[in-house]
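This report concerns only the one structure given below.
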Amino acid sequence: MTDYSLVENELMKALNCDDEQINEYESYINNAIACVASQLKNPQAENDARIVNLCAMRAYYQIILISDNDDLISFKAGDVSYTRDTSSVSRARTLLDLALKSCSDLVQNNGFAFKAV
């Protein structure tokens, strides 16, 4: 398994948080590490910097998705409407996609494909 502390340090940079705040995200870090470990082609690459980054970005994406931050842009009282800024989710998804691409040689593609009929 990928070293938890390496992933934790990488995630702290992405979230711009301290040692106390990062403890709130322990389950997300553990989940990301387990998920990436199940996709590794070579278990000996588990602490490769790209794999550590992938684990951190996977956890980061999940954290952004569940964030209490509504990112409210506007609110209208008449006919009650509001607008949310989804750029943080989009940015987190982009970072995750980049991390996946950077270590495509280290992880298996779980996509579905016909090999033969």
Exercise for the section: Determine which pairs satisfy salt bridge (Lys or Arg N to Asp or Glu O under 4.0 Å) with at least one residue from residues 17-39, sequence neighbours left out, and list them in order. Expected result: none
Taking only distance into account, with no hydrogens and no angle test, what donor-acceptor pairs under 3.5 Å do side-chain atoms of residues 43-51 form with protein atoms, sequence neighbours excluded?
unit_1 : atom_1 : unit_2 : atom_2 : d
Glu46  : OE1    : Met1   : N      : 2.6
Asn47  : OD1    : Asp3   : N      : 2.7
Asp48  : OD1    : Arg50  : N      : 2.8
Asp48  : OD1    : Arg50  : NE     : 3.3
Arg50  : NH1    : Ser102 : O      : 3.1
Arg50  : NH1    : Asp105 : OD1    : 3.0

Exercise for the section: Find the distance between OG (Ser5) and CD (Glu10) and round it off to the nearest 0.5 Å. Expected result: 12.0 Å
Fill in the blank from the handout: Rounded to the nearest 0.5 Å, the CG atom of Asn9 sits from the CD1 atom of Ile22 at a distance of 8.5 Å
Exercise for the section: Flag the pair Tyr25 / Leu15 as yes when at least one side-chain heavy-atom distance between them is below 4.5 Å, and no otherwise. Expected result: yes
Practice task
Report the C-alpha distance between Asn42 and Leu106 in whole Å, list the side-chain angles of each, state the deciding distance to 0.1 Å, and finish with yes or no for side chain to side chain contact (heavy atoms under 4.5 Å, CB included).
Solution key: CA-CA 7 Å; Asn42 181 358; Leu106 300 174; 5.9 Å; no
Exercise for the section: Indicate yes or no: at least one non-hydrogen side-chain atom of Leu98 is less than 4.5 angstrom from one of Asn53. Expected result: no
Practice task
Could I get the full list of salt bridge (charged side-chain N to carboxylate O under 4.0 Å, His left out) partners for Arg93, not counting sequence neighbours?
Solution key: Asp97
Which atom pairs, donor and acceptor, lie under 3.5 Å between side-chain atoms of residues 54-66 and protein residues at least two apart or in another chain?
unit_1 : atom_1 : unit_2 : atom_2 : d
Gln62  : OE1    : Asn31  : ND2    : 3.4

Handout entry: Asn16 side, atom CG; Gln21 side, atom CD - distance, nearest 0.5 Å
Key = 8.5 Å
